[in-house]
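Presented below is the structure to which this report refers.
Start at 1 and go down the list; that is how both ligands and their atoms are numbered. One is the number of the first residue; the rest follow in order along the sequence.
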Amino acid sequence: MTAALDALLVEDVDARGVSHHLKDAGEWWQAREYFAQRSIYHLKEADPHAWVIPRLQGQAKASLVAVEFDEYGGGRGARLHSRLFADLLEGAGLDSGYLAYLDAVPAEALAPVAMMSLFGLHRSLRAALVGHFAAAEITTAPSARRIAAALERLGAAPECLLFFTEHIEADAVHEQVLRRDVVGDLLAREPELAADVVFGVQATELLEERLGRRLLTHWERGATSLLTPLPDAPGVAVL
Ligand SMILES: [Fe+2]
Ligand SMILES: [Fe+2]
């Protein structure tokens with residue numbers, strides 16, 4: 001478990017993920033595609049993780065709820081992370097309606113979201129949900145930093161940047177809380193769940209890697225990564 005989580009903290013210098021590409025060479029139409037791909041989850045950010053709350057006990061429960069409180073805006077509706085993402089979409093001229101891009105995104109974008117629901121809805125997979133959540137929080141801050149830099153370079157609207165700058169600091173804290181207080185306490189109570197935590201971490205990595213590859217292989221060819229391209233994608237006729 002420790003090895004699986006530590007591996008996420010060490011970024012391979014040769015690894016070229018979506019956030020690296022966006023930071024160094026990303027174009028605005030690619031950033032917009034990235035937002036559309038991610039909208040399936042981020043417009044309901046933190047909801048699948050709320051399902052695990054009644055399946056936890058003690059400190060693990062208290063600390064997971066503390067992280068969820070931040071994801072839900074700390075009592076302020078305008079600061080719900082799902083609201084920040086809706087603001088981002090509107091700032092990028094995209095549709096902020098829930099599942100507006102459901103038919104436009106490929107299976108690779110749906111799979112991580114289906115995984116969260118699966119883990120959240122089954123008590124037997126509660127430790128996998130916790131592992132997934134920890135993996136997501138550990139990897140978010142560095143990638144959010146790169147995407148914020150990309151959006152600054154591209155001159156994106158401030159509401160596009162806010163979603164990512166908010167996550168740079170918040171997730172650096174969430175990572176620690178998830179690791180020490182949620183995973184740590186859960187496994188102190190139920191050490192037999194360690195393999196499930198690792199499963200959640202690795203399933204997340206696998207599916208995120210697959211989505212990233214879909215985006216990058218299409219973009220390398222100058223093609224849209226969506227099933228239905230946005231109007232500003234290359235090769236789309238301007239009417
Ligand atoms: Fe968040
Ligand atoms: Fe977070």
Next item on the list: Could you verify whether a donor N or O on one side chain and an acceptor N or O on the other, from Q59 and S63, lie under 3.5 Å apart?
Entry: yes
Next item on the list: Start with the C-alpha gap between E208 and S143, add the side-chain angles, then the distance that decides, and say whether side chain to side chain contact (heavy atoms under 4.5 Å, CB included) holds.
Entry: CA-CA 12 Å; E208 287 297 334; S143 86; over 6 Å; no
Next item on the list: Give a yes or no on whether E137 keeps an N, O or S atom under 2.8 Å from the Fe ion (ligand 2).
Entry: yes
Check: Mind checking whether the Fe ion (ligand 1) has an N, O or S of E71 under 2.8 Å?
Finding: yes
Next item on the list: With the Fe ion (ligand 1) at the centre, find the angle made by OE2 from E45 and NE2 from H167, to 10°.
Entry: 100°
Note to self: Just by distance, no angles: are the side chains of Y72 and D47 close enough, under 3.5 Å, to form a donor-acceptor pair?
What the structure shows: yes
Check: Of all N, O or S atoms in H81, which has the smallest distance to the Fe ion (ligand 1)?
Finding: ND1
Next item on the list: Would you confirm whether the ring centroid of H174 sits within less than 6.0 angstrom of the ring centroid of H167?
Entry: no
Check: Does any N, O or S atom in H174 come within less than 2.8 Å of the Fe ion (ligand 2)?
Finding: yes
Next item on the list: Tell me which N, O or S atom of D171 sits nearest to the Fe ion (ligand 2).
Entry: OD1
Notebook entry, point to check: What residue pairs, at least two apart or across chains, pass salt bridge (charged side-chain N to carboxylate O under 4.0 Å, His left out) with a residue in residues 157-172?
Noted result: R79-E166
